Amino acid sequence: MTYRAHRASWRNIVEEQDDREDDQTEEGDDLESLGWFHDNLSRHAAEALLLTNGQDGSYLLRTSDSNANVYSLSVRAKDSVKHFQVFQCGTTVKFGFNEFLSVKDFIQHFANQPLIGSESGTLILLKYPYPRSVEEPSIYESVRVHTAMQTGRSEDDLVPVAPSLGTKEGYLTKQGGRVKSWKTRWFTLARNELKYYKDQLSQEPIKILDLNECSAVQFDYSQERVNCFCLVFPLRTYYLCAKTGAEADEWIKILRWKMSQIRRQTTRR
């Protein structure tokens, strides 16, 4: 299931922070008490989160992957994510050339939506703190297959007799094999085959990919595009992009489920 965060306003976050500071607890002087601090979030996970659910100017704070007692500010800038170090020494917070005497001053600085510049020359306006607590929407999908199971049969019995279970279709943008250009193609997934056509009206597929030969399906961040994932085959890796992160996640989940069923059937033989 894909998680999408509320694009919380700074006013709400600052007001919540002020309410907590009324108690004058020690946690109020800790960066980890911020509503947009994400514990145990890796660099790659932060990039995936901001690219999938954030927007230009979204940011979050996390612990640094490489340095102890150092934090990383991850910021989305268009279709990439930049990372900046933040240091806390006691109640003092150091960020770039600025030094803040308290966490409250640090929060107030970000409430003013500061402009930050990276070494590459990119200027980013910090607008949207990505909150740690997000809403989890309910996602309902239309039924594609409904099979009546006989009494005494299990789900394992159902899969071989209903190979079309778990079908999906839709447009994806695919990178070419020899010429690395991107073209939109119509994809259909049924049984253990992923086919792609020139468009939805085409009768003959351009290619049929046998998932029995696929070794991995995963999100990909090596391309200069968002919402990308790849399918790894012995002779080639196919790079595909969906319109949204949620759609890419759906493709990945159903493809992985197909591959898990293939492995289960193989081990039983």
Side-chain angles (χ1 to χ4, degrees), residues 1-4 44-45 47-49 51-53 136-150 152-177 182-223 225-269:
M1 182 175 289
T2 302
Y3 300 92
R4 293 192 65 87
H44 293 300
E47 291 173 352
L49 195 65
L51 288 174
T52 302
N53 296 333
E136 182 179 341
S138 298
I139 297 177
Y140 297 89
E141 297 183 358
S142 59
V143 174
R144 294 298 301 272
V145 176
H146 182 193
T147 303
M149 295 176 61
Q150 298 176 7
R153 305 192 73 178
S154 66
E155 181 185 355
D156 294 337
D157 299 318
L158 173 63
V159 175
V161 299
S164 61
L165 185 65
T167 60
K168 187 172 177 61
E169 59 185 19
Y171 279 106
L172 293 170
T173 304
K174 184 186 75 68
Q175 187 186 62
W182 294 84
K183 294 183 179 180
T184 300
R185 299 297 186 214
W186 178 257
F187 282 77
T188 64
L189 175 63
R191 294 182 172 84
N192 296 331
E193 293 180 341
L194 179 65
K195 303 177 183 180
Y196 61 87
Y197 303 76
K198 183 178 180 180
D199 54 46
Q200 189 175 0
L201 300 178
S202 299
Q203 298 297 318
E204 295 296 326
I206 297 174
K207 195 173 184 64
I208 301 175
L209 302 179
D210 186 356
L211 294 181
N212 288 281
E213 301 175 0
C214 184
S215 59
V217 180
Q218 59 195 26
F219 270 108
D220 181 82
Y221 308 106
S222 64
Q223 308 301 315
R225 288 171 174 258
V226 295
N227 310 322
C228 286
F229 61 98
C230 63
L231 288 80
V232 181
F233 286 82
L235 300 180
R236 178 182 169 185
T237 298
Y238 291 83
Y239 295 95
L240 309 173
C241 292
K243 289 184 179 180
T244 65
E247 186 178 353
D249 189 52
E250 289 175 7
W251 276 103
I252 290 174
K253 285 180 178 179
I254 194 170
L255 286 166
R256 284 178 174 173
W257 180 84
K258 287 281 191 180
M259 292 172 61
S260 69
Q261 295 300 319
I262 292 173
R263 294 191 187 98
R264 290 176 64 182
Q265 293 299 318
T266 302
T267 56
R268 291 176 181 176
R269 293 173 184 172

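Numbers here simply count residues along the sequence, with the first being 1. Predicted model only: the values in this text are computed from it and were never measured.
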Checklist outcome for this item: Closest heavy-atom pair, W251 versus G170, reported as atoms and distance to 0.1 Å, is CZ2-N, 3.9 Å
Checklist entry - At what distance, to the nearest 0.5 angstrom, does OG1 of T184 lie from NZ of K243? => result 8.0 Å
Checklist entry - Looking at side-chain heavy atoms only, is the closest gap between V217 and L211 below 4.5 Å? => result no
Checklist entry - Which value, rounded to the nearest 0.5 Å, describes the distance between K258 atom NZ and E193 atom CD? => result 10.0 Å
Item to check | Point-to-point distance, once rounded to the nearest 0.5 Å, from NZ of K195 to CD1 of I206 | outcome: 13.5 Å
Item to check | Minimum-distance pair of heavy atoms, taken over all atoms of D210 and N192 | outcome: OD1-O, 3.7 Å
Checklist outcome for this item: In terms of heavy-atom contacts, A242 and A248 come closest through CB-N, 3.6 Å
Checklist outcome for this item: Shortest non-hydrogen pair, K174 vs F187, comes out as CD-CZ, 4.1 Å
Next on the checklist: With a 4.5 Å cut-off on side-chain heavy atoms, are E204 and K198 touching?
Outcome noted: no
Next on the checklist: Just verifying a value: how many Å separate L172 CG and Y239 OH, rounded to the nearest 0.5 Å?
Outcome noted: 16.0 Å
Next on the checklist: Testing the basics here: between C228 and F219, what is the closest heavy-atom pair and its distance to 0.1 Å?
Outcome noted: O-CD2, 3.4 Å
Checklist entry - Nearest 0.5 Å, what's the CG-OH distance between L194 and Y238? => result 9.5 Å
Item to check | Worked verdict on L240 versus Y196 for side-chain contact (heavy atoms from CB on, under 4.5 Å) | outcome: CA-CA 11 Å; L240 309 173; Y196 61 87; over 6 Å; no
Item to check | From SG (C241) to CH2 (W182), nearest 0.5 Å | outcome: 4.0 Å
Item to check | Nearest heavy atoms of Q175 and R236, plus distance in Å | outcome: O-NH2, 3.2 Å
